[in-house]
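FYI, side chains are in, hydrogens and waters are out, and symmetry mates aren't considered; it's all heavy atoms of this structure. First the proteins, then the strands, lettered A, B, ... as listed; each starts at 1.
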Amino acid sequence: MGATLRALKKSKAAALLIVIEVALTLALVVIALSVVSERMQNMGRASGVDEARIVSFSSSPIDPKTYAPEAAFVADRERLLLIDGIESVYVTNSLPLSGGGWSTGVTAVAGKDQDLGAAIYMFDENAVGTLGLNIVAGRNFTADEISHRQDGARLTAKVAIITEALAKRLFPEQSAVGKFVSLDSDLPTLDTQIVGVVERLQAPWTGWGELEHTIMVPVRPADGSWRWVLRVQPDALERVLKDAKETLAAADRTRVIGRFQQTGLDLRKKAYSQDRSMALILGTISILLLIITALGIVGMASFWVTQRTKQIGIRRALGARRADILREFHLENALLTGAGAVLGVLIAYGLNFLVSAENGMQPVPISFLLGGVVGAMILGQLAVYWPARRASQVAPAIATRSV
Amino acid sequence: MFTYQLKLAWLALRRNPMLTALMVVAIGMGIGFAMTSLTVLYHLGNNPIPQKSAHLHAVQLDAWGPEAPWNDNGDAPDQLTYMDAAALMKRAPAERQTALYFTLLAVQSDNPEIAPARYGFRATQRHFFSMFDLKFRYGAAWGADADQSAARVAVLTAPMAEQLFGSVDPTGRKIRMGDEFFTVSGVVELFNPKPKFYDVSQGPLNEPDEAFLPFSTAIDKQLNTSGNNNCWKSPGEGWEGAIRSECIWIQYWAELPTAADQAKYLEFLNAYAQEQKLLGRFARTDNNHIPDVVEHLVLRQVVPNDSKTLVWVGFAFLAICLLNAVGLMLTKFLRRAPELAVRRALGASRKTLFMQHLVEAGVVGLAGGVVGVLLTLLGLQGIIALNPELREFVRLDISMLLTLIAVALSGALLAGIFPAWRASVLPPAQSLKTN
């Protein structure tokens with residue numbers, strides 16, 4: 001230990017550089033990896049929808065005034081169900097992960113004491129099956145409950161299905177089924193009855209605070225301007241999508257079939273593209289940084305080995321074993337990276353504190369800081385192994401030479 | 001002397017190719033990351049209309065509800081209600097101003113080969129084209145009377161005109177849009193500013209608008225907004241309910257060239273807010289603003305936090321790479337102590353040795369810069385692969401390229417100062433003696 005410290009004292013500047021480099025690397029990698037893990041958690045959240053089985057496209061009438069959406073829906077639905085590979089269909093205003101939709105304030109309390117934000121999806125009796133939702137309490141909509149919305153009319157519904165997360169907020173400790181809510185907290189007459197609860201169905205906006213709060217109403221969108229959602233047999237997605245759009249377009253030229261289309265997986269990819277690229281970039285930076293710092297340690301340690309060749313020879317001649325020399329270099333590295341790691345944890349903590357206050361970054365978990373220290377020590381020990389081995393192989397005879 | 005030093009530096013660098021390569025690659029990667037993230041930030045923070053940005057002002061009126069402000073910062077909302085937009089169009093003191101919103105409209109060609117399709121329309125007023133410097137390929141904007149009378153006219157963008165009419169001038173031709181025929185009054189080149197500053201409510205990199213129709217026509221035809229719409233109070237029933245609602249869905253811009261124009265306009269907005277307060281609206285009467293384009297983009301946080309974070313990370317990465325280079329140069333220079341001692345003994349001054357090492361550091365920096373340019377190009381390709389919507393406007397221009405080389409060179413020189421100084425002050429006698 002004493003010898004190690006004395007050796008370090010002789011090259012203060014270089015030792016200090018290693019400490020700072022390790023500290024900065026650790027701080028940056030720990031923060032970067034905590035962001036990566038946060039983003040990966042986001043990306044891993046289930047939408048509730050059986051995404052691999054879903055395709056979607058829009059359709060809207062050219063002249064809403066002369067269009068009869070109810071008859072058109074029935075005819076189009078039949079055309080679609082004839083296509084091989086399509087299991088079920090429904091029309092809606094929006095889907096999870098799509099980034100566009102409606103929200104409202106919902107309340108279970110007459111008066112204005114409660115106002116929970118929730119997304120609204122228009123459903124029919126086939127929607128639950130099409131999306132592959134899991135009803136955990138109550139029942140699905142029935143065909144006779146479904147109505148067509150009039151354009152501009154207030155959205156009302158006698159019955160609704162909600163998500164479990166919303167049910168728990170509206171009716172803590174009770175079953176939501178059979179209870180009444182208002183879908184518009186400005187008009188708190190509780191006239192919508194909850195008939196069912198689904199395990200999960202996310203709102204369309206992945207960055208929204210109320211992501212798990214969703215209400216489904218038995219209504220078809222107004223004017224025949226809607227988004228078709230098809231449940232398709234696996235591995236037929238692309239073909240079915242093409243067939244479906246061509247069939248509808250050819251059958252009736254009074255409406256426009258959307259140029260844009262998505263599979264459930266496209267929606268997920270797009271919704272999380274920023275999270276994915278952030279995770280990828282920060283992950284890459286972390287790995288490169290670790291490599292560069294490790295190589296820096298190798299370079300510096302090699303230099304010290306060269307510089308101290310003569311002393312090592314003398315110590316070997318005086319009886320130090322190879323293992324002693326090896327240990328000396330490993331110990332030296334442990335001291336430097338240890339100091340760097342402690343400093344790095346402080347920097348990471350301080351930086352995180354500053355940055356999280358400014359742009360809402362989550363605090364770095366303690367486990368990441370501890371993991372960073374352990375990781376830095378291991379990396380340091382691995383990096384110094386090669387130069388240390390070279391040092392241990394210095395022959396005692398070197399001591400007798402003049403250079 | 002300089003070429004001699006360059007030669008020495010070259011020889012020295014060739015002596016430890018691994019160490020040299022490590023320094024060059026480390027600096028190159030640092031530069032690559034820092035400059036890739038900076039390039040993205042630079043383009044996201046781009047002024048999309050530099051020639052006029054100071055004259056164009058977004059109009060913000062705080063008509064949001066009394067219960068809570070529009071956001072936690074207490075900013076005014078970025079969009080207006082129809083009632084307020086209509087009042088401003090009629091009464092606000094600006095030569096050129098326009099309300100706008102985005103809507104989708106089905107368009108049907110006479111040609112049965114072309115399937116009917118919905119296009120993205122911008123409902124606006126005729127001043128839009130001159131305010132935002134759109135370039136007409138054919139025809140011209142509709143006239144003031146069209147704005148007044150809700151005429152069925154439209155301006156198409158060139159790509160849409162080509163899809164529908166081929167490469168002929170369609171000015172004056174009629175085309176079915178929705179349930180009526182519209183007359184084409186002109187064709188503009190695609191207007192695709194990045195960021196899409198005049199309406200960032202659907203994301204700053206959103207698709208460009210495909211066609212334009214008069215605001216009054218869109219309202220007359222009861223075309224709902226297909227953009228962003230926020231309400232603090234439920235709207236009434238039907239179209240009447242929508243246009244009398246407190247819902248905000250209309251963007252509004254005014255061209256105000258002088259400070260006097262701006263002061264007058266703001267004064268009008270505040271007076272208008274006071275007047276509306278008497279009618280029971282406007283809980284906050286003094287929260288009205290007219291940010292110019294650049295201020296508007298800052299307010300709307302067009303540059304995502306992630307991009308800013310990446311710039312910090314990129315430069316921290318560069319700093320660590322440079323620190324790494326300091327350490328490696330230090331070891332490299334000090335390793336030559338005996339050689340330096342001989343040179344000192346033969347009469348080389350400290351300054352000469354210092355300069356020689358600095359030149360060596362500079363060579364490493366330049367090489368690192370070249371590697372950095374390549375890695376930045378690679379990095380930008382990677383960014384585009386991850387975010388295809390950035391494709392059109394993330395690129396390396398000459399000024400970024402020069403910045404990049406300058407950063408690499410000055411970074412390496414900075415990193416070289418300490419090692420070079422240490423090498424130049426080595427006491428020659430000691431090294432000579434022991435060797």
Side-chain angles (χ1 to χ4, degrees), chain A residues 11 13-14 17-18 20-21 24-25 27-28 31-32 35 58 60-66 99-100 104 150-154 184 186-187 249 253-259 273-274 276-278 280-282 285 288-289 292-293 295-296 299-300 302-304 306-307 355 358-361 402-403, chain B residues 18-19 22 25-26 29-30 33 36-37 104 106-108 112 115-118 176 178-180 202-203 222 224 233-242 304-306 308-310 312-314 316-317 319-321 323-324 326-328 330-332 334-335 382-383 386-388 418 422 434-435:
Chain A
S11 41
L17 280 172
I18 288 280
I20 296 177
E21 191 180 338
L24 291 179
T25 301
L28 197 58
I31 290 181
V35 173
S58 68
S60 43
I62 292 173
D63 180 2
K65 280 181 207 126
T66 58
T104 186
Q150 298 302 307
D151 189 32
R154 188 181 296 286
D184 180 349
D186 282 346
L187 295 171
R253 286 183 74 102
T254 66
R255 49 153 169 59
V256 176
I257 303 302
R259 281 176 283 173
S273 73
Q274 180 145 354
R276 197 175 50 247
S277 52
M278 198 69 174
L280 210 65
I281 292 170
L282 290 178
I285 284 198
L288 290 175
L289 207 49
I292 287 176
T293 302
L295 290 178
M300 203 79 90
S302 307
F303 169 63
W304 282 331
T306 316
Q307 206 180 30
V355 176
E358 192 166 312
N359 65 10
M361 188 191 275
S402 67
V403 175
Chain B
M18 284 301 286
L19 212 56
L22 179 57
V25 170
M29 284 205 283
F33 263 115
T36 303
S37 49
L104 290 166
V107 176
Q108 214 174 356
R118 284 216 292 182
R176 199 174 155 88
D179 54 345
E180 283 178 290
Q202 295 178 88
Q222 309 191 351
N224 284 314
K233 191 166 135 187
S234 302
E237 297 271 327
W239 180 253
E240 270 303 298
N305 278 335
D306 274 1
K308 291 183 199 157
T309 307
L310 283 182
W312 281 108
V313 170
F317 185 93
I320 294 174
C321 291
L323 207 62
N324 193 59
V326 175
L328 294 177
L330 191 64
T331 63
K332 206 158 171 290
L334 294 188
R335 204 183 275 193
I383 293 282
L386 288 169
N387 307 286
F418 176 68
R422 280 293 301 269
T434 54
N435 292 283

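Proximity of B/F317 to A/I292: side-chain heavy atoms (C-beta onward) are separated by under 4.5 Å at one or more points. When side chains are defined from C-beta on, A/L282 counts as touching B/L310, because their heavy atoms get closer than 4.5 Å.
B/L328 and A/G296 make their closest contact through CD2-O, 4.2 Å (heavy atoms, listed as atom of the first residue, atom of the second, distance). The shortest non-hydrogen separation linking A/M300 to B/T331 is SD-CG2, 3.2 Å.
For the options B/G327, B/G314, B/S234, B/A242, heavy-atom pairs under 4.5 Å to chain A are most numerous at B/S234. When A/I285, A/L17, A/L288 are compared by the number of non-hydrogen pairs under 4.5 Å with chain B, A/I285 comes out ahead. When the candidates A/S60, A/S273, A/A27 are compared by the number of heavy-atom contacts under 4.5 Å with chain B, A/S60 comes out ahead.
Residue contact with chain A, scored on non-hydrogen atoms closer than 4.5 Å, involves the side chain of B/Q108 exclusively. Residue A/A14 touches chain B through both its backbone and its side chain, counting heavy-atom pairs closer than 4.5 Å. Only the backbone of B/P235 comes within less than 4.5 Å of a heavy atom of chain A; no side-chain atom from C-beta onward does. For a residue to count as touching a neighbouring chain, one of its non-hydrogen atoms must lie under 4.5 Å from one of that chain's; by this rule A/E21 touches chain B with backbone and side chain alike. Heavy atoms closer than 4.5 Å to chain A are found in the side chain of B/I383, but not in its backbone. B/A26 touches chain A through backbone and side chain together, each having a heavy atom under 4.5 Å away. For A/T306, the part sitting under 4.5 Å from any heavy atom of chain B is the side chain, from C-beta outward, and nothing else.
Screening A/I62, A/D63, A/T66 against B/D179 for a side-chain contact (heavy atoms from CB on, under 4.5 Å) leaves a single residue, A/D63. Only one option out of A/T293, A/L24, A/I18 pairs with B/L323 in a side-chain contact (heavy atoms from CB on, under 4.5 Å); it is A/L24.
Panel note: side chain A/R253, backbone B/P112; a donor-acceptor pair is recorded below 3.5 Å.
The line from OG of B/S37 to CD1 of A/I281 is 8.5 Å long, rounded to the nearest 0.5 Å. Remark: B/T309 OG1 to A/M278 CE distance equals 4.5 Å, nearest 0.5 Å. For the atom pair OG of A/S302 and CG of B/L19, the computed distance is 8.5 Å after rounding to the nearest 0.5 Å. Considering CZ of A/R255 and CZ of B/R118, their distance stands at 12.5 Å, rounded to 0.5 Å.
In B/W239, the CH2 atom is crowded: over 12 heavy atoms of neighbouring residues, nucleotides or ligands sit closer than 6.0 Å.
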